[in-house]
Number of protein chains: 4
Amino acid sequence: MDGFELQSGRKHDSRRTRANILAAASRLFAEKGYSAANISDIADLAQTTKPMIYYHFGNKEALFAAVLEDVYAQMREIERAVPMADVPARAAMRTLVEATFDYHAAHPDWVRLIAVANIHDAQHIQQLPTIAAQNAAVLAILDGLLQRGVAEGVFRSGIDPLHVHLLISAFCFHRVSNRHSWRLVFQRDLVEAEEAARQREVVVEAVLRYLS
Amino acid sequence: MDGFELQSGRKHDSRRTRANILAAASRLFAEKGYSAANISDIADLAQTTKPMIYYHFGNKEALFAAVLEDVYAQMREIERAVPMADVPARAAMRTLVEATFDYHAAHPDWVRLIAVANIHDAQHIQQLPTIAAQNAAVLAILDGLLQRGVAEGVFRSGIDPLHVHLLISAFCFHRVSNRHSWRLVFQRDLVEAEEAARQREVVVEAVLRYLS
Amino acid sequence: MDGFELQSGRKHDSRRTRANILAAASRLFAEKGYSAANISDIADLAQTTKPMIYYHFGNKEALFAAVLEDVYAQMREIERAVPMADVPARAAMRTLVEATFDYHAAHPDWVRLIAVANIHDAQHIQQLPTIAAQNAAVLAILDGLLQRGVAEGVFRSGIDPLHVHLLISAFCFHRVSNRHSWRLVFQRDLVEAEEAARQREVVVEAVLRYLS
Amino acid sequence: MDGFELQSGRKHDSRRTRANILAAASRLFAEKGYSAANISDIADLAQTTKPMIYYHFGNKEALFAAVLEDVYAQMREIERAVPMADVPARAAMRTLVEATFDYHAAHPDWVRLIAVANIHDAQHIQQLPTIAAQNAAVLAILDGLLQRGVAEGVFRSGIDPLHVHLLISAFCFHRVSNRHSWRLVFQRDLVEAEEAARQREVVVEAVLRYLS
DNA sequence: AATGAATGAGTTTTCATTCAT
DNA sequence: TATGAATGAAAACTCATTCAT
């Protein structure tokens with residue numbers, strides 16, 4: 001789960017203040033959405049003052065953009081989980097799917113922030129020029145895996161990596177982002193531990209079967 | 001695509017006013033999210049006044065709940081698309097997946113409203129007592145299809161209908177709800193027509209292979 | 001002197017509220033300048049609330065523009081003081097100068113508001129499309145007087161009405177607008193009654209001599 | 001026209017910093033008025049920091065007072081332009097009027113600063129004890145000129161020097177201070193070169209005729 | 001003499017909601 | 001049913017000023 005921790009230390013410490021604001025903003029934007037989260041609450045949670053937020057980030061929109069940048073950067077740890085060349089393609093793919101599943105499961109705030117950003121047409125992501133370059137990496141990894149799988153004779157050819165990524169991401173994201181409506185409509189908590197374990201197998205299975 | 005149309009007619013027509021408010025609210029909540037959409041704009045778009053909104057719906061939260069109720073009811077048309085007993089299970093399943101895909105594609109506002117509701121922990125859906133009963137229907141249909149498929153020898157047994165529904169919904173929902181972040185991160189528009197046609201095949205294929 | 005009086009009456013009276021806001025704003029913008037006058041104080045002085053100001057005028061800039069429009073309209077009473085055709089040109093000119101002098105003397109707030117508007121490059125006056133048409137009237141009157149004077153043989157010809165207007169206005173305006181700096185620099189209060197009477201003769205004399 | 005130039009040089013130069021702050025403050029107070037000009041912008045324009053402004057001037061009010069002091073001191077150059085005893089009174093008076101006209105024309109910022117000071121009831125000028133002594137000089141000069149003119153038989157007697165000064169100053173000041181409202185109301189730019197040349201003749205003429 | 005970081009109080013503006021008619 | 005006017009609370013943002021270094 002996402003933790004929220006403040007750093008503390010001496011009186012004038014720009015870096016710490018900035019980090020605390022970012023953490024608080026991340027938490028509250030995720031919890032309440034962009035508009036409902038307010039600068040006062042963020043300042044309080046960050047144990048600082050409103051003007052400090054403006055001093056460090058300029059305005060609310062830029063703060064949200066900074067939160068998204070921060071959060072997108074953290075997500076890249078998924079890629080690190082994926083085994084490289086020496087593992088068979090199927091096993092590597094399984095690991096990638098599981099890592100993706102686990103990351104979403106462990107970071108519901110991340111999921112909610114992306115959902116919030118999309119409600120606002122991802123306008124704040126647009127302000128982050130490096131986002132595209134950073135995240136396209138997943139597609140390259142997937143492409144490599146697919147090619148290896150074809151070479152090993154375990155995957156079909158002609159599969160679009162983006163479609164595989166969509167198949168995986170959609171599932172992992174949705175069960176977190178739409179947890180609450182599903183709970184009410186279908187009376188089952190998608191996020192509860194045993195259910196989660198079963199779903200983890202479902203995506204892996206679905207992806208591997210799709211590729212075979 | 002979702003249309004927004006006002007009804008017009010005689011000066012004082014309570015039913016029409018109510019419907020116009022609902023349409024306007026639906027549009028604006030979908031466009032801007034719950035908090036950023038405001039009662040004044042809704043009144044203007046509905047060509048009525050703020051007190052009328054309070055007269056008909058009580059308050060903003062209840063208005064949003066009413067919008068969700070309205071929108072959930074409309075979605076039930078998916079089920080009507082699914083062929084009944086006389087069609088082979090695989091073909092029927094394909095039709096169900098395609099109908100789900102098409103519904104999401106044709107109603108982005110619906111998708112956004114559900115996303116917005118989830119940002120607010122689906123608290124407004126909770127106020128709708130009949131939601132569960134109405135929507136569980138999909139699961140029953142899916143369950144029937146799965147059993148028929150097993151009987152026909154085309155599907156595996158032991159599959160949870162909820163998981164199949166999640167597999168389908170997640171994909172169909174995500175490509176619409178997260179369109180904007182994907183566009184920026186991967187530089188491809190998931191909703192563009194040709195791409196959409198390919199994705200439609202992807203879900204169908206993924207689901208059928210998962211079940212086989 | 002400018003009076004400040006509030007109207008009172010029944011609870012919901014749009015016209016009265018608007019008039020009170022205008023009066024309060026007029027007073028405070030004149031007293032403190034555009035930026036230093038604040039909406040809160042204006043609301044208090046007008047015995048209403050901030051949102052009412054926004055309801056009636058939109059924003060601070062538009063409120064200031066409305067004040068200027070109001071105040072420019074009132075000034076047109078100077079023209080009414082000027083005797084028409086049947087009075088000899090010199091006498092009529094004297095009356096016009098005196099009326100101008102008296103108007104400025106009696107409405108220091110008017111003077112200050114124009115000064116404030118000019119500090120802000122008269123941007124708020126620019127938003128008032130009818131201003132030019134209304135106020136050009138003075139020039140027409142002056143032009144008529146000048147021609148009559150020439151015909152009567154009491155004024156020189158070839159005089160630009162705008163220059164005469166500038167000669168008159170500058171004097172009448174300055175003694176009010178710059179009263180305080182003059183008091184401190186020259187230790188004489190330009191606005192004090194006896195002094196004022198002498199100055200009134202000075203402008204009349206200066207203008208008539210300039211025209212002769 | 002008023003120039004704005006920063007001095008540059010070694011890193012720590014108290015005198016230079018002070019001068020730069022004064023120049024920046026002068027520019028911004030003139031441009032935006034007292035309240036709308038802010039310390040941050042002044043610091044930026046002066047290429048220094050806010051605490052430096054407080055170090056050198058104490059607070060915003062004192063800074064404005066310092067600007068006014070500075071600017072009043074510069075104005076005394078008008079007096080230097082006036083020819084002394086050996087020139088005939090009419091010619092000397094003409095020179096004085098022209099010098100006054102030119103000074104105002106060349107220093108619109110000076111004009112605006114005085115206007116701004118008056119909006120705030122010249123409270124900041126009041127903090128400058130030497131202002132009166134310095135500026136009363138003009139009246140002495142005028143008085144001398146008037147007496148010489150009477151002696152030479154070219155001026156009337158019994159004229160108050162202050163009234164002459166007012167007649168001159170008002171005209172020269174007004175065409176600059178109220179330029180923008182006049183432009184909008186009368187559609188003529190009082191400051192444009194040819195128009196300015198004509199007006200210069202107008203004041204000279206008006207003053208000389210008033211005195212004759 | 002100089003700076004980056006911090007603060008408290010205030011500013012304009014918005015908004016859900018209600019009153020009076 | 002319907003409306004124009006009103007309100008209380010809060011929102012984002014600013015600013016003169018000071019602290020810590």
Side-chain angles (χ1 to χ4, degrees), chain A residues 10-18 35-43 47-63, chain B residues 10-18 35-43 47-63, chain C residues 10-18 35-43 47-63, chain D residues 10-18 35-43 47-63:
Chain A
R10 36 183 245 292
K11 244 348 180 12
H12 283 70
D13 181 343
S14 178
R15 192 123 51 139
R16 179 173 51 80
T17 303
R18 210 193 115 97
S35 304
N38 64 281
I39 297 289
S40 269
D41 288 352
I42 293 171
Q47 284 175 317
T48 181
T49 59
K50 283 181 283 173
M52 272 299 94
I53 295 179
Y54 289 91
Y55 179 76
H56 283 287
F57 295 94
N59 60 29
K60 191 183 182 183
E61 300 224 321
L63 174 60
Chain B
R10 342 192 292 286
K11 212 45 190 315
H12 285 212
D13 180 341
S14 180
R15 189 113 52 121
R16 181 172 51 79
T17 301
R18 208 194 117 96
S35 304
N38 62 282
I39 298 288
S40 266
D41 288 352
I42 293 171
Q47 287 175 317
T48 181
T49 59
K50 285 180 282 177
M52 275 299 95
I53 294 180
Y54 287 88
Y55 177 77
H56 282 288
F57 296 92
N59 60 27
K60 192 182 181 181
E61 301 226 320
L63 174 60
Chain C
R10 35 184 246 292
K11 244 346 178 17
H12 283 70
D13 182 343
S14 178
R15 193 124 49 141
R16 180 173 50 81
T17 303
R18 211 192 115 96
S35 304
N38 64 281
I39 298 287
S40 271
D41 288 351
I42 293 170
Q47 284 175 315
T48 181
T49 59
K50 284 180 282 174
M52 272 298 96
I53 295 179
Y54 288 89
Y55 179 77
H56 283 286
F57 296 93
N59 59 29
K60 192 182 180 183
E61 301 224 322
L63 173 59
Chain D
R10 343 193 293 289
K11 212 51 189 311
H12 285 214
D13 180 342
S14 181
R15 189 113 51 116
R16 181 173 51 79
T17 301
R18 207 193 117 95
S35 305
N38 63 281
I39 298 288
S40 266
D41 288 352
I42 293 170
Q47 286 176 318
T48 182
T49 60
K50 285 181 282 175
M52 276 298 95
I53 295 179
Y54 286 89
Y55 177 77
H56 283 286
F57 296 93
N59 60 27
K60 192 183 181 182
E61 302 225 319
L63 174 59

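We name chains A, B, ... by the order of the sequence lines, and we start the count at 1 in each one.
Note on C/Asn38: a side-chain N or O is less than 4.0 Å away from OP1 or OP2 of E/dT11. Distances shorter than 4.0 Å separate some side-chain N or O of D/Thr48 from OP1 or OP2 on E/dT3. For C/His56 and F/dA6, the shortest distance from a side-chain N or O to OP1 or OP2 is below 4.0 Å. Using a 4.0 Å cut-off, some side-chain N or O of A/Thr17 falls inside it from OP1 or OP2 of E/dA6. Contact check, C/Ser14 against F/dA5: a side-chain N or O comes under 4.0 Å of OP1 or OP2.
When the nucleotides F/dC13, F/dC19, E/dT13 are ranked by their closest atom to the side chain of D/Pro51, F/dC19 comes out on top. In the set E/dA2, F/dA6, F/dA12, F/dA12 carries the atom at the smallest distance from any side-chain atom of A/Ile39. Nearest nucleotide to the side chain of C/Met52, out of F/dT7, F/dT18, F/dA2: F/dT7. Comparing F/dC13, F/dT14, E/dT13 by their nearest atom to the side chain of A/Lys60 picks out F/dC13. Of the candidates F/dT3, F/dT1, E/dA2, the closest approach to any side-chain atom of B/Thr49 belongs to F/dT3.
Of all heavy-atom pairs between C/Lys60 and C/Tyr54, the closest is N-CE2, 4.4 Å.
If you take atom P in F/dT21 and the same atom in E/dA1, they sit 22 Å apart, rounded to whole Å.
Nucleotides of DNA chain E nearest to B/Ser40 and A/Gln47 differ in position, and the one nearer the 5' end is that of A/Gln47. Between B/Ala37 and C/His12, the one whose closest nucleotide on DNA chain E sits nearer the 5' end is B/Ala37.
Pairs of Watson-Crick or G-U wobble type, with distances under 3.5 Å, assemble into runs of 3 or more in DNA chain E at these ranges: E:2-21 with F:2-21.
Within 3.5 Å, a donor on the side chain of B/Lys50 pairs with an acceptor on the base of E/dT17, or the reverse.
A distance of 11.0 Å separates CD of C/Gln47 from OG1 of C/Thr17, quoted to the nearest 0.5 Å.
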